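See structure below.
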Amino acid sequence: MPCLLILYLDSSEVSFPTVPGSPGAWDEDNESPQRGSSVDAPPRPCHTTPDSHFGTEHVLRIHVLEAQDLIAKDRFLGGLVKGKSDPYVKLKLAGRSFRSHVVREDLNPRWNEVFEVIVTSIPGQELDIEVFDKDLDKDDFLGKKQAGLFRCKVSLTTVLNSGFLDEWLTLEDVPSGRLHLRLERLTPRPTAAELEEVLQVNSLIQTQKSAELAAALLSVYMERAEDLPLRKGTKPPSPYATLTVGDTTHKTKTISQTSAPVWDESASFLIRKPYTESLELQVRGEGTGTLGLLSLPLSELLVADQLCLDHWFTLSSGQGQVLLRAQLGILVSQHSGVEAQSHSYSHSSSSLSEEPELSGGPPHITSSAPELRQRLTTHVDSPLEAPAGPLGQVKLTVWYYSEERKLVSIVHGCRALRQNGRDPPDPYVSLLLLPDKNRGTKRKTSQKKRTLNPEFNERFEWELPLDEALRRKLDVSVKSNSSFMSRERELLGKVHLDLAEIDLSQGVAQW
């Protein structure tokens with residue numbers, strides 16, 4: 001049965017126009033007419049309200065190590081002569097694709113490449129792996145005989161649950177062949193306490209064939225904007241936003257004709273240099289150009305509580321604001337020696353006495369197999385003409401990488417060098433593998449200007465067998481240009497390292 005409602009208006013809050021000219025009448029020319037009351041607008045939010053899935057991503061670090069006993073695809077003289085393959089690996093996961101370099105004419109190739117991808121915990125995801133032979137005409141699969149059908153898959157759920165997987169995967173439907181992969185889940189931590197150790201360990205496990213490893217994960221939730229600029233005589237803009245870190249950009253959806261768009265979108269970025277990288281935000285109107293800019297240095301997040309900023313940011317145009325949440329998570333590897341390094345800071349080197357990995361690669365320091373290469377630190381010796389006392393310190397990492405049969409050294413930096421003249425030196429570090437003194441064994445860092453505490457973090461390699469490396473001495477010299485016009489070099493100090501007296505598989509981390 002219909003219900004009749006009678007609603008009474010409050011006369012004290014609402015005024016109706018009366019006869020024109022009478023008191024209280026609504027005159028169109030009156031600058032301050034009496035208006036009816038309106039419903040209060042919702043209060044402006046002070047913080048974002050992302051859903052529960054925001055900031056829950058992980059980073060999967062994929063080590064493509066090597067393969068063994070691959071089949072030979074290349075044949076000559078009509079198949080009478082059996083050749084070799086030129087293998088490479090293709091990976092697919094979470095909408096991303098990666099490809100290793102090609103190893104020429106090798107049925108037991110070693111790639112030693114590292115790839116990283118941002119992943120979620122959505123069930124059912126798999127890492128898709130393919131092994132190909134590089135061919136001038138058409139690349140052949142080295143898996144199933146029927147080209148295009150081979151798919152070696154690894155369940156992402158298995159890796160996320162265990163945190164670490166190191167396996168040899170057997171190629172299907174072929175007489176021989178297997179692939180060695182190492183997979184690790186990195187979970188972001190909202191603290192910068194271990195960032196320095198992460199950066200140092202990343203430099204140790206970095207390979208020449210891989211991109212620089214991520215030290216952090218940046219998650220950004222772009223909620224809304226308000227008070228975007230309007231052009232006179234035109235309709236409101238149709239805004240969208242772009243979020244950029246380095247060479248990675250995320251574009252939001254476009255909201256039609258409004259100066260207060262609500263996007264409710266999130267994006268994540270791998271961060272390799274948290275101290276120097278920044279989030280670049282641009283709000284643009286479809287067809288109308290830039291409406292406002294924002295540059296947020298990630299160094300501001302490093303000093304924020306929980307490495308997170310969540311509030312309104314004013315755009316550089318002077319008009320308009322955006323409400324966003326930016327949070328950083330440090331990627332601490334449980335299998336790359338960070339915890340062992342942190343522990344060794346307050347203990348002697350004898351606390352790291354576990355057996356190294358037999359393969360000669362990154363040594364295992366704890367039961368969970370973290371990797372740690374030797375980091376040697378020594379005071380630079382004084383030249384004869386210098387005053388007595390230490391001239392500073394140089395920080396080195398030296399280890400033998402048996403998988404590639406290389407001696408590897410990383411020059412991290414120097415500290416508290418001696419200033420001999422009026423101006424600070426322009427230091428660099430020179431490495432020479434004795435007894436040879438030719439150019440083939442000489443390595444040199446870049447030069448830093450006017451500093452007593454230069455940072456280099458540069459990696460150098462020498463190809464030679466381990467037994468030969470143990471017969472060598474590493475000459476480390478810290479030098480500076482004497483003057484802009486002179487080719488003379490000023491020796492700031494030097495040190496000799498006898499590699500036979502060094503355990504090239506493990507050590508401690510300290511200056």
Side-chain angles (χ1 to χ4, degrees), residues 61-93 96-116 127-154 166-183 205-212 357-362 399-408 433 439-441 443 459-469:
R61 184 169 287 172
I62 307 169
H63 299 255
V64 180
L65 300 176
E66 58 187 320
Q68 290 182 350
D69 301 325
L70 298 180
I71 60 174
K73 281 286 187 176
D74 298 337
R75 295 178 180 272
F76 306 99
L77 299 178
L80 296 178
V81 179
K82 184 177 179 180
K84 294 185 177 181
S85 294
D86 304 320
Y88 66 92
V89 179
K90 290 181 68 175
L91 307 170
K92 294 181 181 178
L93 176 65
R96 297 287 309 279
S97 297
F98 306 93
R99 172 176 164 165
S100 75
H101 71 283
V102 177
V103 178
R104 297 293 179 185
E105 299 184 349
D106 197 337
L107 301 182
N108 298 283
R110 291 183 175 182
W111 292 283
N112 294 316
E113 290 191 59
V114 185
F115 305 94
E116 294 175 318
L127 172 62
D128 191 355
I129 308 159
E130 300 170 329
V131 183
F132 285 90
D133 171 36
K134 183 65 179 177
D135 190 80
L136 293 177
D137 298 324
K138 182 180 179 181
D139 293 355
D140 296 320
F141 279 102
L142 296 179
K144 271 192 175 180
K145 296 178 182 179
Q146 291 181 304
L149 295 181
F150 170 63
R151 293 288 186 275
C152 178
K153 297 179 182 292
V154 176
D166 190 334
E167 286 191 359
W168 283 91
L169 305 175
T170 301
L171 304 184
E172 301 176 2
D173 294 342
V174 287
S176 65
R178 59 179 189 159
L179 178 67
H180 187 192
L181 290 184
R182 183 180 298 149
L183 310 175
I205 65 177
Q206 179 73 45
T207 67
Q208 287 187 328
K209 302 179 182 70
S210 302
E212 187 174 359
E357 186 180 25
L358 296 179
S359 66
W399 80 96
Y400 189 79
Y401 196 178
S402 63
E403 292 181 356
E404 295 189 357
R405 294 170 58 86
K406 292 179 179 179
L407 179 69
V408 183
L433 199 57
R439 290 182 176 270
T441 68
R443 306 289 187 268
R459 172 176 171 144
F460 304 97
E461 298 179 348
W462 295 266
E463 292 190 17
L464 73 171
L466 176 59
D467 57 349
E468 183 179 345

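This structure is a prediction, so every number in the text was calculated from the model and none was measured.
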> With a 4.5 Å heavy-atom cut-off, do Ser85 and Leu70 have their side chains touching?
Replying inline: no

> Going by heavy atoms in the side chains, are Arg443 and Glu461 under 4.5 Å from each other?
Replying inline: no

> Roughly how far, to the nearest 0.5 Å, is CG of Leu127 from CD1 of Ile62?
Replying inline: 5.0 Å

>> Angle between ring planes, Phe115 versus Phe98, binned at 30° and 60°: parallel, tilted or perpendicular?
In response: tilted

> For Val64 and Leu181, what are the C-alpha separation, side-chain angles and deciding distance, and is it a side chain to side chain contact (heavy atoms under 4.5 Å, CB included)?
Replying inline: CA-CA 5 Å; Val64 180; Leu181 290 184; 3.9 Å; yes

> What is the minimum heavy-atom distance between Leu179 and Glu66, and which atoms define it?
Replying inline: CD1-O, 3.4 Å

>> Quick one: does any side-chain atom of Asp86 pair with a main-chain N or O of Asp133 as donor and acceptor, under 3.5 Å?
In response: no

>> Using 0.5 Å steps for rounding, measure from the CZ atom of Arg104 to the OH atom of Tyr88.
In response: 10.5 Å

> Taking it one step at a time, do Asp166 and His180 satisfy side chain to side chain contact (heavy atoms under 4.5 Å, CB included)?
Replying inline: CA-CA 8 Å; Asp166 190 334; His180 187 192; 2.6 Å; yes

>> So, taking the atom named CZ in Phe132 and the one named CZ in Arg99, what distance separates them when rounded to the nearest 0.5 Å?
In response: 9.0 Å

> How long is the span from the CG atom in Leu107 to the CG atom in Asp69, to the nearest 0.5 Å?
Replying inline: 8.5 Å

> Quick one: salt bridge (Lys or Arg N to Asp or Glu O under 4.0 Å) partners of Glu167, sequence neighbours excluded?
Replying inline: none

>> Tell me the closest heavy-atom pair linking Pro87 and Trp111, and the distance in Å.
In response: O-NE1, 3.5 Å

>> What's the separation between atom CG in Leu407 and atom CD in Glu463, rounded to the nearest 0.5 Å?
In response: 11.5 Å

>> Can you list everything that forms a side chain to side chain donor-acceptor pair (under 3.5 Å) with Arg178? Sequence neighbours excluded, please.
In response: Gln68

> In Å and rounded to the nearest 0.5 Å, what is the CD to CZ distance from Glu116 to Arg61?
Replying inline: 4.5 Å

>> One pair to check against side chain to side chain contact (heavy atoms under 4.5 Å, CB included): Leu93 and Asp128. What are the steps and the verdict?
In response: CA-CA 6 Å; Leu93 176 65; Asp128 191 355; over 6 Å; no

